[in-house]
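Since the structure comes first, as structure tokens, the remarks are kept for the end.
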Amino acid sequence: QLPPWMDRPHSVKYHRNIPRLVLLHDEIVDFANLMAPRPDELETRQQLVNKVTKLVKETFENDDCVVKCEVQVFGSQATKLLLPTSDIDFVVQLVEKEEEGNGGHGSRESSYTTTTTTTTTTNPNSQGLSEKQKQQIEMDEYNIQKELKLSPLARLGEALRHHPDWKNQLSYLEVVENTRVPIVKFTHGPTNINMDICFNQETGLLAADLMKRLLDAMPPLKPLTFVLKYFLAARGLNEPYTGGCGSFLLQLMIVSFLQHRERHSLQHGSSGGGGDTMNLGSMLLEFFELYGMDFNYLTTGISIRSDGFYFPKGAKGKKEHFFHSTRLFSLAMENPFEITSDVGQTSYRMQLIAKSFETAMRVLLSHTAEPVIYTESILASILPPTEEMFQRATMYKVYKIERQLKQRSGRKNDNDNRKRKA
């Protein structure tokens with residue numbers, strides 16, 4: 001059975017003398033078109049974005065201590081480099097009112113403490129009551145204090161758990177506070193879409209804006225990202241919290257690869273020329289070769305600033321941020337917005353990822369280089385088709401037919417209008 005991104009085998013579509021890398025290029029283009037989000041999927045996700053935005057504003061905007069509350073999306077939702085299973089990442093920008101009487105530097109937490117202390121020490125209803133009734137009042141006061149002292153993350157978690165629009169639609173909810181970037185993680189049951197919310201983080205928005213500009217400047221970035229994201233997801237190597245390679249790190253790896261590849265082409269006078277320069281099949285093979293075999297993870301770090309460069313991990317000013325003695329094979333990837341931050345620090349399974357890249361390169365070579373092992377689909381040798389893909393292909397064909405019918409109907413109406421006017 002052919003993979004869902006192909007409608008006919010290579011032996012029918014092309015003559016056998018067509019270069020195998022050209023066939024792989026065409027498959028990558030077809031795969032990217034298949035996996036790109038459809039308008040109805042984008043609409044569903046936008047409805048969830050609106051729903052989350054409404055909940056956040058209801059939770060915080062009525063708070064007297066909050067001056068400003070903004071909800072924005074970042075990551076693959078903002079760049080549209082998303083797979084059907086991709087998360088929706090939110091950042092909430094909360095600006096709290098400064099407290100008077102504390103030099104203008106008071107915090108929300110200090111106001112909570114003042115309020116709860118007053119409540120505890122001055123309770124006029126506790127006189128003349130039995131010991132059991134007093135204990136119940138104290139317990140109620142404790143619960144009130146606990147609610148007032150909740151962090152924004154915990155408050156949002158409670159809002160999700162009890163809000164009538166959400167409480168019956170969540171299949172998963174977790175408030176993760178003991179991490180470098182605390183988040184609320186939850187899953188919308190009817191759509192099975194995962195969502196993450198963090199607070200007062202600016203780098204995610206900056207990264208999304210950067211990727212939008214790079215997508216315009218580097219056309220191969222989009223199809224390569226779709227292929228490589230699914231490649232890692234199919235092997236369970238795409239989640240940073242399990243040591244995998246996250247979307248931002250992967251995109252930076254692709255950008256760095258394209259930067260150095262273009263520089264090499266310019267130096268050898270082949271930019272915009274030769275058949276392999278803009279061939280996506282060739283690029284995919286070279287990417288796997290670079291990060292699967294050639295790149296020295298022990299000594300070398302990557303930066304995409306200034307058109308991209310490598311740096312020694314042990315250099316002065318770099319070692320304390322990018323050399324990790326317990327993770328020697330981690331990929332040192334400089335965050336372009338915080339140059340002392342290592343994007344690849346959490347990806348502790350990089351050795352396994354590099355090995356999977358090497359294996360994929362050797363498999364693709366067996367189908368593209370002499371002596372060729374012929375197969376109906378070259379890309380399917382490293383990207384296993386799923387039932388979801390076949391369903392998606394069917395929906396994609398239906399969508400194309402509906403769009404063609406609408407276009408024909410529109411042209412017919414235009415012709416009828418012209419005839420009436422004539």
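Predicted, not measured: the structure shown is a model, and the values here were computed from it.
Taking the ring centre of Phe311 as origin, the terminal cationic atom of Lys318 falls inside the region bounded by 6.0 Å and 45° from the ring axis. Stacking of Arg235 on the aromatic ring of Phe231 is recorded, both the 6.0 Å distance cut-off and the 45° axial limit being met.
No hydrogens or angles considered: nothing links the side chains of Gln345 and Ser330 as a donor-acceptor pair under 3.5 Å. For the residue pair Gln46 and Lys51, no side-chain donor N or O sits within less than 3.5 Å of a side-chain acceptor on the partner. When only modelled atom types and interatomic distance are considered, Arg263 and His260 share a side-chain donor-acceptor pair under 3.5 Å.
Under a 4.0 Å N-O distance rule, the pair Glu358/Lys355 qualifies as a salt bridge. Between Arg45 and Glu43, no side-chain nitrogen of the basic residue sits less than 4.0 Å from a carboxylate oxygen of the acidic one, so the salt-bridge criterion is not met. Between Arg213 and Asp209, at least one side-chain nitrogen of the basic residue sits less than 4.0 Å from a carboxylate oxygen of the acidic one, meeting the salt-bridge criterion. A salt bridge does not link Arg392 to Glu388: none of the charged nitrogens lies less than 4.0 Å from a carboxylate oxygen.
Within 6.0 Å of atom NZ in Lys57, more than 12 heavy atoms from other residues, nucleotides or ligands are found, so the atom counts as buried in its surroundings.
Formation of a donor-acceptor pair under 3.5 Å by the Lys229 side chain with backbone atoms of Leu81 is found in this model. The backbone N or O of Ile378 sits nowhere less than 3.5 Å from a side-chain atom of His367 that would complete a donor-acceptor pair. Judged purely by atom type and a 3.5 angstrom limit, Ser381 has no side-chain atom pairing as donor or acceptor with the backbone of Ser377. Using a distance-only test at 3.5 Å, with no hydrogens or angles considered, a donor-acceptor pair links the side chain of Ser303 to the main chain of Arg305. Formation of a donor-acceptor pair under 3.5 Å by the Asp89 side chain with backbone atoms of Met195 is not found in this model.
In this structure, Leu290 and Phe357 have side chains that are not in contact, with every pair of non-hydrogen atoms separated by 4.5 Å or more.
In this view, Asp342 and His324 satisfy the side-chain hydrogen bond (donor to acceptor under 3.5 Å, both in side chains) rule, not counting sequence neighbours.
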Please assess Glu158 against Arg155 for the test salt bridge (Lys or Arg N to Asp or Glu O under 4.0 Å), listing each intermediate value before the final yes or no. CA-CA 5 Å; Glu158 288 298 309; Arg155 289 180 65 191; over 6 Å; no
